[in-house]
Amino acid sequence: MVAKRSLGLAALAAGGAIAVGYRRRKAVRPGPAEWFAVTVDCGPEELSGANRPDALGRLTEHHEVRITPAPGGRGTEIAVHAADGKVREEVRALKQFLETGEVLRVEGQPEGHRTVLGRAAVPVSRQLMRRGVR
Amino acid sequence: MKALCWTGVNEVAVEEVPDPRILNRQDVIVRVTASSTCGSDLHLLDGYVPTMMAGDVIGHEFLGEVVETGPDVRDRRVGERVVVCSIIGCGRCRNCRAEMWSLCDNSNPDPGFLETLNGHATAGIFGYSHAMGGFAGSHAEYVRVPYGDVNAFPVPEGVADANAVFASDAVPTGWMGADIAGIRPGDVVAVWGCGGVGQMAARAAFLLGAERVIAIDRLPERLEMTARHTGAETLDYEEVDVLDALKEMTGGRGPDVCVEAVGMEGHGTGAQYAYDRVKQAVRLQTDRGLPLRQAIHACRKGGTVSVLGVYLGFVDKFPMGAVMNKGLTLRSGQQHGQRYIPMLLERMAAGEVDASHLLTHPMALEDAPRGYEMFKNKEDGCVRAVFTP
């Protein structure tokens with residue numbers, strides 16, 4: 001009985017060691033991507049020189065921005081380095097503006113009675129969803 | 001104005017809310033004349049779609065009259081009678097231009113939730129939670145329609161409101177289920193679910209060349225309605241073993257195309273259904289999948305399974321082995337309604353497509369809470385309650 005218990009403990013310990021070893025090896029998680037990228041349905045020439053939209057100009061003042069033609073002539077990739085939530089929102093807005101001519105709004109629509117919690121939560125959750133997490 | 005608001009799980013109420021206004025230059029404002037309940041609303045009511053907030057105006061399948069246009073609207077005119085696609089497209093991104101409107105890049109201004117859940121965000125939808133853009137819905141006197149030129153469609157004279165309202169969602173969704181499945185002349189098509197979408201998928205399957213359509217449900221009045229209005233044969237899954245019956249009816253091959261028009265709260269029988277209900281109730285899976293599993297199991301080798309029912313997240317025990325080993329093609333998506341609506345309105349005008357029988361319960365908007373109760377519980381043979389403000 002004792003021998004059996006020891007055997008069981010040894011097995012548990014071995015299992016634990018394997019688990020710890022596995023965790024150690026996996027401890028370093030891959031980091032998030034450093035670039036936030038969108039593809040815009042236009043040619044690269046529409047994003048440079050005199051055609052460059054003001055919003056893109058402003059982005060390039062504070063961030064490294066990479067503009068490359070998408071494979072197969074399927075638009076242009078705009079990638080921004082070290083984009084935080086606010087910048088991600090700006091990049092999404094830039095794509096919308098370039099493709100549709102305006103940035104879609106949902107603030108100011110009809111809504112019914114919001115609870116106290118809801119009144120606080122709606123703008124916060126909206127901002128979280130607008131920016132997305134990385 | 002008056003509008004129907006979601007106020008909590010299984011609770012809706014008619015409230016006084018501000019009128020909508022033009023928020024973008026391509027918006028139109030529509031005075032709603034008919035707004036339908038839809039099976040997918042039940043997922044909101046039942047609390048399975050997160051990001052609903054008390055006070056959200058619901059409703060997405062509607063018809064009305066244009067009463068105001070934004071300065072950049074070119075084609076829509078005040079006074080036009082229009083049906084509006086429930087899924088919002090921008091008309092300019094690569095997906096819209098490829099006629100895959102529900103994959104629009106630009107119509108969901110708050111894409112973060114769906115990006116985290118699904119990898120990418122899809123189009124905005126009227127009255128369908130903040131994850132889908134947080135747009136105010138159509139169970140209201142007025143609704144704001146973004147990108148009015150591409151999302152609102154003039155209804156031909158002679159097409160009654162009771163028919164045209166379903167060109168917003170049920171008819172194009174059903175049509176798409178048959179269309180993307182690539183039905184060929186002589187095919188046998190099985191359709192799970194005899195609600196509005198399933199019935200329209202059955203009708204579309206015949207119009208696209210199917211030789212036999214077999215519709216599956218458990219409610220006698222819906223089975224009878226489907227047989228009468230679409231010409232489909234029907235199976236009551238509480239009376240027969242669907243898999244056995246389909247094999248028998250197809251000479252052992254199985255249907256060439258299986259259309260699933262049920263979604264994440266699918267009903268069923270036996271131990272598998274009980275298992276799904278428990279796992280969904282304790283949130284170990286977000287979506288129940290019995291009819292979907294059945295469709296995959298039934299489909300003939302090399303056939304196509306077309307999924308129209310709304311799923312949000314994860315289905316447990318997904319039979320990937322059957323998909324892989326039988327070489328099945330899986331097609332799916334929210335409806336690309338803008339691709340089909342003009343053609344469907346023409347077919348309605350020509351008498352080839354008629355969905356007006358779906359409207360079993362016309363009601364005033366004030367009675368919408370009762371309408372949803374009837375619709376949800378399928379009382380009094382309710383297939384669709386449609387509200388008029």
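Basis for what follows: all heavy atoms, side chains included, without hydrogens, waters or symmetry-related copies. These numbers were taken from a predicted model, which means no experiment stands behind them.
- Salt-bridge formation is not detected for the pair B:Arg92/A:Asp41: no Lys NZ or Arg NE/NH1/NH2 atom is positioned less than 4.0 Å from an Asp or Glu carboxylate oxygen.
- Tested against B:Asp110, the residues A:Arg92, A:Arg126, A:Glu89 include a single side chain to side chain contact (heavy atoms under 4.5 Å, CB included) partner, A:Arg126.
- Ranked by heavy-atom pairs shorter than 4.5 Å toward chain A, the options B:Glu16, B:Glu15, B:Gln26, B:Glu115 are led by B:Gln26.
- Here the closest non-hydrogen pair linking A:Glu99 and B:Cys93 is OE1-CB, 3.3 Å.
- Pairing each heavy atom of A:Val106 with each of B:Gly133, the nearest pair is CG1-O, 3.4 Å.
- A:Ala121 touches chain B through backbone and side chain together, each having a heavy atom under 4.5 Å away.
- Heavy atoms closer than 4.5 Å to chain B are found in the backbone of A:Glu107, but not in its side chain.
- For B:Thr7, no part lies under 4.5 angstrom from a heavy atom of chain A.
- At a 4.5 Å heavy-atom cutoff, B:Tyr142 makes no contact with chain A through either its backbone or its side chain.
- The CG atom of A:Leu128 sits 12.0 Å away from the CZ atom of B:Phe113 when rounded to the nearest 0.5 Å.
- For the set B:Cys96, B:Ser107, B:Pro109, B:Cys5, the entry with the most heavy-atom pairs within less than 4.5 Å of chain A is B:Pro109.
- Remark: the A:Gln96 side chain and the B:Asn106 side chain contain no N/O donor-acceptor pair separated by less than 3.5 Å.
- Most heavy-atom pairs under 4.5 Å with chain A, from the set B:Gly112, B:Ala3, B:Gly91: that is B:Gly112.
- Closest approach of B:Arg144 to A:Gln109, counting heavy atoms only: NH1-OE1, 3.7 Å.
- Chain B forms the most heavy-atom pairs under 4.5 Å with one residue out of A:Arg105, A:Lys95, A:Glu102, A:Arg74, and that residue is A:Glu102.
- Smallest separation of non-hydrogen atoms from B:Met53 and A:Ser125: CE-OG, 3.3 Å.
- Interface residue B:Asp19: only backbone heavy atoms are found under 4.5 Å from chain A.
- For A:Val103, the part lying near chain B is the backbone, with the side chain staying farther off; criterion is any non-hydrogen pair under 4.5 Å.
- Between chain A and the options B:Asp105, B:Asn24, B:Val17, B:Val143, the largest number of non-hydrogen pairs under 4.5 Å is found for B:Asn24.
- In terms of heavy-atom proximity, B:Ala136 sits nearest to A:Pro110 at CB-O, 3.7 Å.
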